[in-house]
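Each remark here refers to the structure printed beneath this line.
If you're wondering where the values come from, they're calculated on a predicted model, not measured in any experiment. Note that ligands are numbered from 1 as they come in the structure, with each ligand's atoms numbered from 1 the same way. Values below: every heavy atom of this structure, side chains too, minus hydrogens, waters and symmetry copies.
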Amino acid sequence: MFDVAIIGGGPAGYTAAIRGAEYGLKVALIEVTPKLGGTCLHVGCIPTKALLFNAEIWDHLKHAAEFGIGNIGDAPTLDWQAVLARKDGIIAKHVKGLEFLMKKHKITTMVGYGRLTGPAQNAIHTVEVTSSAGEVSQVQAKNVILATGSAAKMLPGLEPDSSILTNVEILKMDGVPKSLIVIGAGAVGMEFASIFRSFGTEVTILEFLPRVVPVEDEEISKEITRLFKKRGIDVNTGAKVEKVEKTETGVKVSYTDVNGKPQVKEAEKVLVGVGRAGLTSNVGVEMTKIELDRGLIKVNEAQETAEPGIFAIGDIVLGLPQLAHVGAMAGMIAVAKIAGRKFRPIRRVRIPGCTYTEPQIGSAGLTEAQAKEKGHEVKVGKFPFAGNSKATILGSHDGFVKIVSDAKYGEILGVHILGPQATELIAEAVAVMELEGTVEEMMHTIHAHPTLAESMLDAYGAVEGMAINA
Ligand SMILES: Cc1cc2nc3c(=O)[nH]c(=O)nc-3n(C[C@H](O)[C@H](O)[C@H](O)COP(=O)(O)OP(=O)(O)OC[C@H]3O[C@@H](n4cnc5c(N)ncnc54)[C@H](O)[C@@H]3O)c2cc1C
């Protein structure tokens, strides 16, 4: 008998398992694949960031002479198999790390497909676990957490293969493609576009909406579009994909462009990055009171579903962004509730959103447009990395920090960063927003010199028209 049985061993599930054990709960973690880590570790966050780091080094090598490094700039070569091997090594290391953590915390892990069997009987839930050999066993627990994650959505009628790719196939290609069409300019599409452009691929982006990274502040979308175009990426917004066909040499994508004109683009490969569907069918949800909306599960602020004793966390949850850190925090909240401990519900405006492109995007809180819609009297401060000495040292001057604040008390409503290490810099913004710091307080917070973080200080100053370096 367990206090909690968790179905799914991705970042949401394994984080819930560890924190649950830290609270003294008896935890079972059920994962259908033989390796913990989920999408994030195997085909998501970690492998993409590994490749992005390779791409960054490659980009630096292109300018080796500028850094005084000779005899390399002329003809550096890329060993794609070594790139993949390094990525796989990173994954393997962290799979081992997770196995160690499970043992350390005395968490019972089971390899098998978990399915709910209906509501609790006498306050005890039964989860059916089917092994790959078809053997069925049962796990009993006072609570169940669903953490089954998501899979890439496909365009109607398409199946992924060696030329029509999702995040899974693109991470195990034999080599760098000559040309790639990316359908969808959310974080996943933009990151792969960035990686392969660095490696020399001819990249075309087709995005249906009027702008790329549409959840970001408009100025960020505009500037990264300009910078991607400068890198030679063919960015098309307002593009409605009509048909994807296979050809002898790859793929052909027919689409209607922003002016309503039919267009055709051919490439070696196409990546479909049009969002992710929650894996909520075939897990017994229909045998419970759990409410679904477009395949995602409705939960309250403690991650509880409508069925008593059953929680949902991670990519299957309705109304939260599908991000590893959101799933992990939701897992910590669910087990805190189960253990009777204090928790803070997830607040949407305190979630960092990161896109690890070149240059990177890091943002949190309201965009300028959202803040105005909500009726705030908005005061904006903007500071370009061109004025930051560390950015000059790094040779990375593109982008800016934008602070969206409320004029009345200087409340920080949103922070939007495009530029070097934006995904690291955003952590400071989230912390200060979480602690309800103000623009004035941040203007008096000492930031080390020379750092990229100083650009935050200058951006807060810019809200009051008092940036030092611009
Ligand atoms: C290319 C790409 C890049 C990404 N980059 C980032 C990033 O940089 N930062 C970020 O925060 N997010 C990123 N994400 C999103 C992130 O990967 C997901 O938000 C995160 O993995 C969700 O965690 P999860 O635990 O809910 O689900 P998953 O990670 O999908 O894990 C679910 C697990 O449940 C298992 N499972 C499913 N059904 C069952 C069942 N019935 N029984 C037993 N086990 C089951 C699956 O095998 C899987 O291991 C990226 C996603 C992609 C595709």
| request: Could you tell me whether ligand 1 has any atom less than 4.0 Å away from a heavy atom of Arg115? | output: no

| remark: Under 4.0 Å between heavy atoms, the region of Thr148 that gets near ligand 1 turns out to be both

| said: Ignoring hydrogens, what is the shortest heavy-atom contact between Lys269 and Pro177? Give both atom names and the distance. | reply: CG-CB, 3.8 Å

| For Gly314, the ligand 1 atoms whose distance to one of its heavy atoms is below 4.0 Å | 26 (O)

| field | Residues Glu169 and Thr166: side-chain donor-acceptor under 3.5 angstrom | value | yes

| Side-chain touch Val83/Leu51, heavy atoms, less than 4.5 angstrom | yes

| said: Side chains of Thr201 and Lys178 only: does a donor on one sit below 3.5 Å from an acceptor on the other? | reply: no

| request: Could you verify whether a donor N or O on one side chain and an acceptor N or O on the other, from Glu358 and Ser194, lie under 3.5 Å apart? | output: no

| When you measure from atom 8 (O) of ligand 1 to every protein heavy atom, which one gives the shortest distance, and what is it? | Lys49 NZ, 2.7 Å

| said: Can you tell me which portion of Ile7 lies within the under-4.0 Å heavy-atom range of ligand 1? Options are side chain, backbone, both, or neither. | reply: side chain

| query | With a cut-off of 4.0 Å, which atoms of ligand 1 are near a heavy atom of Gly38? | reply | 29 (O), 31 (O), 48 (C), 49 (O)

| said: Contact between ligand 1 and Gly327 is defined here as a heavy atom of the residue under 4.0 Å from a ligand atom; is it met? | reply: no

| task | Go through the steps for Ser150 and Asp315 under the test side-chain hydrogen bond (donor to acceptor under 3.5 Å, both in side chains), then give the verdict. | result | CA-CA 6 Å; Ser150 64; Asp315 280 8; 2.7 Å; yes

| field | Glu428 versus His447, side-chain donor and acceptor atoms under 3.5 Å | value | yes

| Which pair of heavy atoms, one from Ala152 and one from Arg276, lies closest together, and at what distance? | N-NH1, 3.4 Å

| said: Is the shortest side-chain heavy-atom distance between Leu318 and Ile297 below 4.5 Å? | reply: no

| message | Can you name the atoms of ligand 1, numbered from 1 with element, that are less than 4.0 Å from a heavy atom of Thr48? | response | 1 (C), 3 (C)

| query | Is there a heavy atom in His42 that sits closer than 4.0 Å to ligand 1? | reply | no

| Element-labelled atoms of ligand 1 that are located less than 4.0 Å from some non-hydrogen atom of Ile30 | 43 (C), 44 (N)

| query | What protein heavy atom is closest to atom 47 (O) of ligand 1, reported as residue, atom name and distance in Å? | reply | Glu31 OE2, 2.7 Å

| request: Answer side chain, backbone, both or neither: which part of Val32 comes under 4.0 Å from ligand 1, heavy atoms only. | output: both

| remark: Among non-hydrogen protein atoms, atom 25 (O) of ligand 1 lies closest to Ala12 N, 3.0 Å

| message | I want to check a possible cation-pi pair here: Lys240 against Phe208, using under 6.0 Å from ring centre and within 45° of the ring axis as the test. | response | no

| task | Give the residue and atom name of whichever protein heavy atom lies nearest to atom 34 (O) of ligand 1, and the separation in Å to one decimal. | result | Gly8 CA, 3.2 Å

| task | Just let me know how Ala324 lines up against ligand 1, side chain, backbone, both or neither, with a heavy-atom cut-off below 4.0 Å. | result | both

| query | Would you call the rings of Phe196 and Trp80 parallel, tilted or perpendicular, where under 30° means parallel and over 60° means perpendicular? | reply | tilted

| request: Among all protein heavy atoms, pick the one closest to atom 27 (O) of ligand 1 and tell me residue, atom and distance. | output: Gly149 CA, 3.1 Å

| For ligand 1, is any non-hydrogen atom under 4.0 Å from Asn167's backbone (N, CA, C, O), its side chain (CB onward), both, or neither? | side chain

| remark: ligand 1 to Val188, heavy atom cutoff 4.0 Å, flagged ligand atoms 1 (C), 2 (C), 52 (C)

| query | Taking atom 6 (C) of ligand 1 as the point of reference, which of Ala330, Pro47, Cys45 owns the nearest heavy atom? | reply | Cys45

| said: Is it the case that ligand 1 has an N or O less than 3.5 angstrom from some N or O of Thr33? | reply: no

| field | Spacing of Leu320 atom CG and Ile313 atom CD1 [to the nearest 0.5 Å] | value | 11.5 Å

| Is Glu99 paired with Lys96 through a side-chain N to carboxylate O contact shorter than 4.0 Å? | no

| query | Looking only at N/O atoms, are Leu279 and ligand 1 under 3.5 Å apart anywhere? | reply | no

| Is it the side chain, the backbone, both or neither of Val43 that has a heavy atom closer than 4.0 Å to ligand 1? | backbone

| task | Determine the minimum heavy-atom distance between Tyr23 and Met332, stating which atoms define it. | result | CE1-O, 4.5 Å

| query | How close does the nearest protein non-hydrogen atom get to atom 23 (O) of ligand 1, and which residue and atom is it? | reply | Pro11 CG, 3.3 Å

| said: Does ligand 1 come near enough to Tyr356 that some N or O of the ligand is less than 3.5 Å from an N or O of the residue? | reply: no

| Would you say the side-chain atoms of Glu307 and Thr305 include a donor-acceptor pair closer than 3.5 Å? | no

| task | Below 4.0 angstrom from a heavy atom of Gly112, which ligand 1 atoms are there? Numbered from 1 as shown, please. | result | 42 (N), 43 (C)

| Can you check salt bridge (Lys or Arg N to Asp or Glu O under 4.0 Å) on Glu128 and Arg115, steps first, answer last? | CA-CA 5 Å; Glu128 195 181 85; Arg115 199 178 275 111; 3.5 Å; yes

| Should Gly114 be counted as touching ligand 1, given the test is an N or O pair under 3.5 Å? | yes

| request: Among all protein heavy atoms, pick the one closest to atom 2 (C) of ligand 1 and tell me residue, atom and distance. | output: Gly44 CA, 3.4 Å

| task | Measure the distance from atom 15 (C) of ligand 1 to every protein heavy atom, then report the residue, atom name and distance (to 0.1 Å) of the closest one. | result | Gln322 O, 3.6 Å

| query | Which atoms of ligand 1 have any heavy atom of Gly10 under 4.0 Å away? | reply | 25 (O), 29 (O), 31 (O), 33 (C)

| note | Per-atom filter on ligand 1: closer than 4.0 angstrom to a heavy atom of Leu323 are 10 (C), 11 (O), 12 (N), 19 (O)

| What do we get for Asp315 next to ligand 1 when only non-hydrogen atoms under 4.0 Å count, side chain, backbone, both or neither? | both

| Hey, looking at atom 29 (O) of ligand 1, which of Ile6, Val283, Thr39, Thr166 has the closest heavy atom? | Thr39

| query | Which bit of Cys354 is near ligand 1, meaning a heavy atom under 4.0 Å away: side chain, backbone, both or neither? | reply | neither

| What residues, two or more places apart in sequence or in another chain, satisfy side chain to side chain contact (heavy atoms under 4.5 Å, CB included) together with Thr355? | Ala187, Met190, Glu191, Val213, Glu216, Thr357, Ile361

| Checking Lys26 against Phe2: charged group under 6.0 Å from the ring centre and within 45 degrees of the axis? | yes

| request: Please confirm whether His325 comes within less than 3.5 Å of ligand 1 when only nitrogen or oxygen atoms on both sides are compared. | output: yes

| said: Between Asn388 and Ser455, do the side chains contain a donor N or O and an acceptor N or O under 3.5 Å apart? | reply: no

